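Notes for the one structure printed next.
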Amino acid sequence: MSNFDKINLILKLEKKEEILYHNAMCGIFGYIGEKNTLQICLKGLKQLEYRGYDSAGIAGIKNNNLIFCKTSGKIFALEKKIEKQNLELDIAIAHTRWATHGKPDEKNAHPHFDTHLSLGVVHNGIIENYAILKDFLKNKNIKFSTETDTEVIAQLISYNYEKYKNNLYLTVHESLKLLKGSFAIALIHKDHPNIILAAARESPLAIGFIDNKNEILISSDPNAFIGHNLNVFYLRNDEIALLSKKSIKTYTNQKKLIEKKTSLLEGKNQTFSKEGFDHFLLKEIFEQPITIQKAMLGNISEDFGTAYFEGLKFSSTELMAIKHIIIIACGTSWHAAYIGASLLEDKARILTTAEIASEFRFKNPIISEETLIIAISQSGETADTLSAVKEAKAKGAKILGICNVKNSTLTREAHSCIYLNAGPEISVCSSKAFTSQITILSLFTLLMARLRHFTKEDGQKFLSELKKIPKIINQVLEKQKEIKKISIKYSKYKNFFFIGRKYMYASCLEAALKLKEISYLNATSYPAGELKHGPIALINKNLPVIAFCSNKQTYDKTLNNLMELKAREAPILAIAPNNAKEILQIADDIIFIPNTIDELAIFPTTIVGQLFAYNIAKAIGIKDIDQPRNLAKSVTVE
Ligand code: M6R
């Protein structure tokens with residue numbers, strides 16, 4: 001039995017592997033060309049910084065030697081170390097790692113190598129059967145020096161290299177067949193000093209090149225190509241690309257040489273600036289009156305009281321046939337999904353549910369030809385959402401993506417896509433993407449309602465309220481000083497309850513998540529009516545309740561709930577519409593906000609929630625507000 005047969009046999013065993021350490025949400029960058037390799041790679045890595053990471057590294061070939069430099073911490077630390085080492089490289093692969101399991105230290109940072117330091121690999125994704133492969137290789141006396149799954153790829157390829165007579169492509173092709181899981185990899189080998197080998201399975205990897213192929217760039221995120229005008233293509237389904245100056249050869253998983261379709265990417269140099277704000281988050285919060293207008297731009301017909309979307313490839317007949325909508329998303333995007341589901345059911349009268357993407361694919365969901373799946377993702381790279389989309393597609397569903405990042409995986413997987421046009425969101429904690437998502441969902445609801453029972457006048461009325469939102473948000477932003485003062489007062493507490501009813505429950509979910517993410521304080525959200533069913537047991541004078549009271553339909557009931565809390569000495573901060581004077585008798589503090597219709601009250605209340613979280617984080621001295629600990633911008637593992 002050959003070694004491969006043995007490994008294959010092991011793979012078939014129904015053993016449940018325990019994944020101890022792996023790398024995720026990472027960024028890959030690689031360069032072949034005549035310019036300064038190090039500078040280009042570092043610039044590429046910096047473009048990936050927004051995703052969140054905790055270590056970085058680079059490896060390349062110089063004079064037939066494999067040389068590398070790795071650090072824990074940020075890219076500037078890597079830059080300094082590179083300078084100290086006087087590093088020079090001809091071709092290089094580089095990486096930002098975001099650790100999910102295992103320490104974010106230098107040893108576990110990518111690239112990873114085989115024992116002989118003959119090859120180096122950077123990797124995004126998870127090798128699910130890495131423990132089995134590691135055991136197999138250890139039994140062959142191969143010594144491992146890290147806890148990562150990625151090192152298994154390096155050691156496995158090195159182990160097989162001789163067997164395939166030093167044919168790098170063939171070795172990688174055969175070795176990848178033994179891997180279970182998802183990956184995007186870039187690999188260099190000192191015997192092949194001019195080649196970078198790239199491969200991908202269910203994890204994005206883009207390759208960009210200039211016309212004469214004198215320059216080739218690789219990245220897990222084409223946003224890192226900024227500053228270069230390139231022809232770009234993506235690897236998928238175990239495709240392998242052999243890249244060297246002037247030559248790009250791409251093979252299918254059947255070893256067939258193929259020509260990949262490319263698209264032109266004009267990577268105009270783009271610098272991200274805080275524009276005088278202390279943090280990108282604050283800048284992005286203040287951008288919202290504009291980003292909401294951008295989400296509406298070109299999508300509205302006032303004459304007909306409806307919405308149009310250029311990117312929507314479904315015909316009116318197809319849209320009219322939809323009887324069931326499932327919205328899938330994660331985190332903040334799921335909060336938008338929750339609002340979208342309420343809107344679609346309430347206004348368009350379509351049975352709609354919001355599903356958490358990581359749960360959805362395990363539910364054996366009921367999908368018929370009358371079902372539409374809407375997948376919402378700011379980044380378009382969230383693994384849970386993408387897997388849910390694949391599951392829905394496998395069941396024959398039509399997929400509509402709502403996404404901010406052009407050319408992201410979701411935009412390619414969905415049958416049709418509506419863009420947020422909110423511009424890059426740099427802060428890991430999402431703000432402007434959320435309000436743009438709600439804007440698009442409001443407009444989509446309007447379109448679906450108009451295709452059903454909404455009259456032109458109903459539509460025009462809704463549009464006129466929606467068009468007031470940017471102005472209303474400006475009025476809330478003008479309250480920044482007042483909100484800051486109140487936030488400072490509440491920053492002494494360690495635990496918070498956020499409550500609200502109907503549309504305001506989504507405000508609570510989002511406001512509580514913001515507070516958790518950037519201030520590291522415990523915040524829990526409840527529909528206000530639920531408190532008496534258990535959580536009220538926790539109420540005392542040290543547990544403030546932040547109450548969102550901007551839903552007219554449920555206003556009186558929310559006040560009753562507040563009375564119950566006041567009786568138990570909870571400090572109460574209410575966010576209420578300007579005319580809600582009754583609240584003065586109940587709440588300790590009130591932030592009054594402009595009136596709007598119930599369906600759109602989520603906009604002003606969200607801004608208050610964002611500013612409250614931001615100001616508390618500042619007040620308690622959190623430094624890394626734009627890149628909170630443990631978080632990543634694109635969550636590319638399930
Ligand atoms: O890129 P996506 O919208 O798919 O991301 C989903 C979540 O990971 C994201 O919204 C996350 O919850 C943010 N950190 C929230 O601020």
Side-chain angles (χ1 to χ4, degrees), residues 24-25 27 48 50-53 98 100 204 220-221 223 279-282 284-285 288 291 295 327-340 354-360 373-390 399 401-411 413-414 417-420 422-438 440-441 506-507 509-520 523 525 606-607 609-614 617 622 624-638:
M25 277 74 91
L48 299 170
Y50 78 99
R51 298 162 70 100
Y53 68 104
W98 188 90
T100 51
S220 49
D221 177 350
N223 285 312
H279 293 95
F280 279 108
L281 176 58
L282 193 61
E284 286 159 9
I285 291 173
Q288 290 173 102
T291 47
I327 316 183
I328 47 181
C330 303
T332 284
S333 295
W334 183 79
H335 298 160
Y338 184 87
I339 282 283
E355 299 280 352
I356 291 180
S358 56
E359 290 293 313
F360 174 78
I373 298 284
I374 303 180
I376 309 179
S377 173
Q378 187 285 131
S379 63
E381 300 296 350
T382 302
D384 287 324
T385 308
L386 294 172
S387 296
V389 163
K390 281 180 193 153
I399 315 286
I402 298 182
C403 191
N404 195 32
V405 179
K406 302 235 158 86
N407 298 316
S408 59
T409 309
L410 177 61
T411 66
E413 285 289 338
C417 196
I418 302 175
Y419 287 100
L420 303 180
E425 193 180 60
I426 304 300
S427 157
V428 168
C429 175
S430 185
S431 58
K432 62 178 179 173
F434 178 68
T435 44
S436 295
Q437 287 164 346
I438 299 170
I440 296 294
L441 286 162
S507 292
L509 290 167
E510 180 57 5
L513 180 63
K514 298 301 91 160
L515 190 63
K516 281 184 267 208
E517 283 186 294
I518 60 171
S519 72
Y520 313 144
S525 38
T606 293
I607 309 300
Q610 293 167 349
L611 287 175
F612 182 70
Y614 177 79
I622 304 288
D624 47 2
I625 290 178
D626 283 331
Q627 285 183 11
R629 69 182 183 211
N630 307 338
L631 298 186
K633 190 70 185 158
S634 300
V635 184
T636 54
V637 288
E638 288 179 57

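Both counts, for ligands and for their atoms, begin at 1 and track the order of listing. Because the structure is predicted, anything quoted here is derived from the model rather than measured. Every heavy atom of this structure was used, including side-chain atoms; hydrogens, water molecules and symmetry mates were not.
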(message) Has Q288 got a side-chain atom pairing as donor or acceptor with I285's backbone, closer than 3.5 angstrom?
(response) yes

(request) Quick one: look up the protein heavy atom nearest atom 10 (O) of ligand 1 and list residue, atom name and how far away it is. (result) T332 N, 3.1 Å

(request) Select one of side chain, backbone, both or neither to describe which atoms of E517 lie under 4.0 Å from any atom of ligand 1, heavy atoms only. (result) side chain

(message) For a 4.5 angstrom cut-off between non-hydrogen side-chain atoms, does T606 reach T435?
(response) yes

(message) Using a 4.0 Å cutoff against the non-hydrogen atoms of S333, which atoms of ligand 1 qualify?
(response) 2 (P), 3 (O), 10 (O)

(message) Contact between ligand 1 and V428 is defined here as a heavy atom of the residue under 4.0 Å from a ligand atom; is it met?
(response) yes

(message) I'd like to check which ligand 1 atoms, numbered from 1 as shown, lie under 4.0 Å from a non-hydrogen atom of C429.
(response) 16 (O)

(request) Could you tell me whether K514 sits above the aromatic face of F612, with NZ or CZ closer than 6.0 angstrom to the six-membered ring centre and within 45 degrees of the axis? (result) no

(request) State, with a plain yes or no, whether a side-chain heavy atom of I376 is found less than 4.5 Å away from one of I440. (result) no

(message) At less than 4.0 angstrom from any non-hydrogen atom of S377, what atoms of ligand 1 do you find?
(response) 1 (O), 2 (P), 3 (O), 4 (O)

(request) Do me a favour and list the nearest non-hydrogen protein atom to atom 1 (O) of ligand 1 with residue, atom name and distance? (result) S379 OG, 2.6 Å

(request) Starting at CD1 of I607, measure out to OG of S431 and round the result to the nearest 0.5 Å. (result) 8.0 Å

(request) Answer yes or no: does an N/O atom from K514 fall short of 3.5 Å to an N/O atom of ligand 1? (result) yes

(message) Counting only heavy atoms, tell me which of L281, T382, I402 gets closest to atom 4 (O) of ligand 1.
(response) T382

(request) Apply salt bridge (charged side-chain N to carboxylate O under 4.0 Å, His left out) to E381 and list each qualifying residue two or more places apart in sequence or on a separate chain. (result) none

(message) Checking side chain to side chain contact (heavy atoms under 4.5 Å, CB included) between I402 and each of I327, L410, L420, which is the one that passes?
(response) L420

(request) Give the residue, atom name and distance (to 0.1 Å) of the protein heavy atom nearest atom 6 (C) of ligand 1. (result) C330 O, 3.3 Å

(request) Flag Q437 as yes when one of its N or O atoms lies below 3.5 Å from any N or O atom of ligand 1, and as no otherwise. (result) no

